[in-house]
Protein chains: 2
Amino acid sequence: MHGEILPGHALTLRGIGSEFGVSMTPAREAVRRLVAEGALTLSSSGRVATPELTNDRIEELAALRALIEVELSSRALPRAHMALIDRLQAINNSVAERVAQKDAVGYIRANLDFHRALYLRAQAPAMLAMAETVWLQMGPTMRQLYGKLRRSEPPHYHRLIIAALKAGDEPGLRLAVRSDVTNGLRLLAS
Amino acid sequence: MHGEILPGHALTLRGIGSEFGVSMTPAREAVRRLVAEGALTLSSSGRVATPELTNDRIEELAALRALIEVELSSRALPRAHMALIDRLQAINNSVAERVAQKDAVGYIRANLDFHRALYLRAQAPAMLAMAETVWLQMGPTMRQLYGKLRRSEPPHYHRLIIAALKAGDEPGLRLAVRSDVTNGLRLLAS
DNA sequence: ATTCAAAGAATGTGATCACAAAAAAGCCGG
DNA sequence: CCGGCTTTTTTGTGATCACATTCTTTGAAT
């Protein structure tokens, strides 16, 4: 999910097992779960690797993020108190820090923390699980792309999200979330 | 997915294995995958059972269906030719047949076939997979609820969907799909 | 130097086993 | 007849193994 593994990287059951000090059996179960969630791909011969997403697939996943996360933010809005906004502010500072340090994995992790903190307020566990499944599928690709972007500025739309939350502005919040989710990915698919 | 197993039904690895003539290992992997997709729940002691959904969870899943399937139908619309509409018509007849026979499992299967046939035209495999994951989570509960409803009339909104497809009416299609997806579940959560 | 085939190594699969935890059954006293 | 305790059975977990398949490397011939 955090892009620690690049797209197309192959994994072996015995390798995972020895990496975590267990036998093949638990490694197999973990891999099977991640394959079911789309975080790993299973070749016809049973080999396992991180997915290499096509542009079409990236566009699809971005559209899914927009659909689900806009809804989640909309449901979180009426429950968002000052404590949450402060927390989002703090996480956003952490995001900016990672950007300044050019720490791609840390940036992705902090960015997702920002979104998760907001969506948790929606009290919609099934929707949040869906969103995280999408994140999981995009993890390796996001890392690769943010590595290419070499962005130096902190995310612009996060401040718009916070502002809309403060103002209780639902249309503005929906637009800001949709923009934040799609803009980062739209330009890399081209 | 088709509601052949009622909510809360417990399953054992050895039972599944012997049912399909395999050992525990493949049964475990299949169960783990289904747990990852939310089709089965895993108790703290490792016991596995079909999920018993709360009303909140049902509402959430219905909202997810509305979000994803409306988008899928919208993407399928420009690619929908006459052959597809004929096929949908035929499947819908099959749905009506199952309703008349009070065959709950057959009804659910035919109903999902109807939706899948439409969404396949969207050329959006990740979105379709998400929709099917939601179907999987609702399977047992849908069966229980349609058993209670004892409906005798074929689905009304399916004809609206077909009509909107013929007319190339996107707003009408989106509304029809949303209604078909939510109305069936909205009344049972109350 | 390149290509193709054969030998070798590595990998996933399904099965089986021992063990600990949990559920179920049995038993006894009230 | 019922509740609480003990015993028995059931169940999931992790490990190991044999085997077939696949991938990789090696070697030789052109």
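Everything quoted here is computed from the prediction, not taken from an experiment. What's counted below: heavy atoms across the whole structure, side chains too, no hydrogens, waters or symmetry copies. Throughout, protein chains are lettered first and strands after them, A, B, ... in sequence-line order, and every chain is numbered starting at 1.
Remark: the backbone N or O of Ala76(B) is not paired with any side-chain donor or acceptor of Arg121(B) at under 3.5 angstrom. Judged by distance alone, with hydrogens and angles left aside, the side-chain atoms of Glu29(B) form no donor-acceptor pair with the main-chain N or O of Arg28(A) at under 3.5 Å.
Judged purely by distance below 3.5 Å, without hydrogens or angles, the side chains of His156(A) and Asp180(A) never pair a donor atom with an acceptor atom.
Shortest non-hydrogen contact noted between Ala49(B) and Ala10(B) is CB-CA, 3.9 Å.
Using bins of under 30°, 30° to 60° and over 60° for the plane-to-plane angle, the ring pair His158(A)/Phe114(A) lands in the parallel bin.
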Nucleotide by nucleotide, 5' to 3', does protein get under 4.0 Å of the base (B), only the sugar-phosphate (S), or neither (-) in nucleotides 8-15 of chain C, counting heavy atoms?
---BBBBB

